[in-house]
Amino acid sequence: MDNHGSTGEDPTSEAKGPRILISVDMEGVSGIVHPREAHPDGYDYGRARALMTAEANAAVAGVLDAEPGAEVWVADAHGSYRNLLPEEVDRRARLVRGKPRPLGMLGGIDERTDAVLFVGYHVRAGAGPDVLAHTMSDALLDVRVDGRSLGEIGLNAAMAGHLGVPVVLLSGDDAACAEVRELVPGVRTVAVKEALGQFAAAGLHPEEARERLRRTAAEAVAGREEVRPFALSGPQTVEVDLAAAHTVDLAVLIPGVTRAGGARTVTFTAADFGEAYRVVLLLVQLGSIRPA
């Protein structure tokens with residue numbers, strides 16, 4: 001029987017160093033400024049995939065510069081989670097792709113993970129100016145945890161923190177870098193572009209962006225012990241503003257989720273942030289359902 005060269009061995013079984021997760025989004029990658037570049041139906045999506053993959057590889061290289069024995073996981077964290085070009089991803093890393101999956105953008109993380117890096121991230125919906133700002137999807141207008149507005153940066157940092165894992169690096173535009181620094185003291189950042197608006201930026205050349213990302217990723221992993229996880233103690237009251245009224249009708253079918261405030265806001269109380277994060281992920285999926 002042809003096994004296509006597979007030995008059946010775990011590709012990370014020889015790793016003896018720390019376990020590092022790199023979560024890679026697309027909107028914050030150098031050179032990307034428009035939704036049509038970041039969507040499979042867009043005219044320049046193929047180029048965006050290549051740029052995204054190259055930045056992921058720069059981060060992998062930086063991690064392994066600092067920790068040659070590291071076990072590196074790369075989570076495709078944009079849209080369908082099927083954007084990174086598998087055959088072009090650094091072969092020393094394990095690629096997590098596809099959805100739905102546990103913990104969404106943080107696919108592959110668990111309590112054994114020593115640090116997480118956010119590559120190509122962007123600010124929360126309603127903030128900015130920032131390139132392609134949103135929170136998880138266009139279905140969510142805002143997410144507030146105990147009154148504090150959190151976007152993808154904050155939600156993912158808090159989920160990692162719930163597992164005891166620090167966010168040690170973020171790359172994206174200057175606004176995204178500022179947002180993560182407000183949440184995670186000591187985090188290292190790489191501003192690959194300066195936001196000029198929702199669909200405009202002044203960016204570094206992609207090769208320059210990758211060089212800076214590789215260098216800073218190495219520094220971040222080497223100094224990971226200096227960064228504390230962004231952990232929120234439970235229980236938490238979560239409010240979510242939804243873009244469509246019919247999504248609210250679906251959301252309140254979830255036990256514990258009720259209407260609150262205006263016609264498009266729902267709320268629930270979570271025992272801990274792990275529960276809060278999973279409910280938010282479910283609300284994102286409900287937001288993709290269109291009336292029949």
Taken in chain and number order and not counting sequence neighbours, the residues that satisfy salt bridge (Lys or Arg N to Asp or Glu O under 4.0 Å) with D142 are R144
Heavy atoms of M26 and E37 approach each other most closely as SD-O, 4.1 Å
Atom pairs and distances, donor-acceptor, side-chain atoms in residues 169-177, under 3.5 Å, two or more places apart:
from, atom 1, to, atom 2, distance (Å)
S171, OG, G120, N, 3.1
D173, OD1, A175, N, 3.1
D173, OD1, A176, N, 2.9
D173, OD2, V131, N, 2.9
D174, OD1, A195, N, 2.8

Taken in chain and number order and not counting sequence neighbours, the residues that satisfy ring-ring contact (aromatic ring centres under 6.0 Å, His included) with H162 are none
Residue pairs passing the ring-ring contact (aromatic ring centres under 6.0 Å, His included) test with at least one member in residues 164-205, sequence neighbours excluded, are H34-F199
Applying side chain to side chain donor-acceptor pair (under 3.5 Å) to Y45 and not counting sequence neighbours gives N83
Quick note, side chain to side chain donor-acceptor pair (under 3.5 Å) partners involving residues 280-292, not counting sequence neighbours, are none
Original post:
Is any side-chain heavy atom of L163 closer than 4.5 Å to a side-chain heavy atom of L103?
Top reply: yes
Here the ring-ring contact (aromatic ring centres under 6.0 Å, His included) pairs for residues 259-288, sequence neighbours left out, are none
By side chain to side chain contact (heavy atoms under 4.5 Å, CB included), A222 pairs with (sequence neighbours left out) A66
Contacts satisfying ring-ring contact (aromatic ring centres under 6.0 Å, His included) that involve residues 208-245 (not counting sequence neighbours) are none
By side chain to side chain donor-acceptor pair (under 3.5 Å), R97 pairs with (sequence neighbours left out) none
E208, CD atom: more than 12 neighbouring heavy atoms under 6.0 Å:
yes
_Closer than 4.0 angstrom, basic N to acidic O: yes or no for R259 and D249?_
yes
The salt bridge (Lys or Arg N to Asp or Glu O under 4.0 Å) partners of R224 (sequence neighbours excluded) come to E67
Contacts of D65 meeting side chain to side chain donor-acceptor pair (under 3.5 Å) (sequence neighbours excluded), chain-then-number -> R214
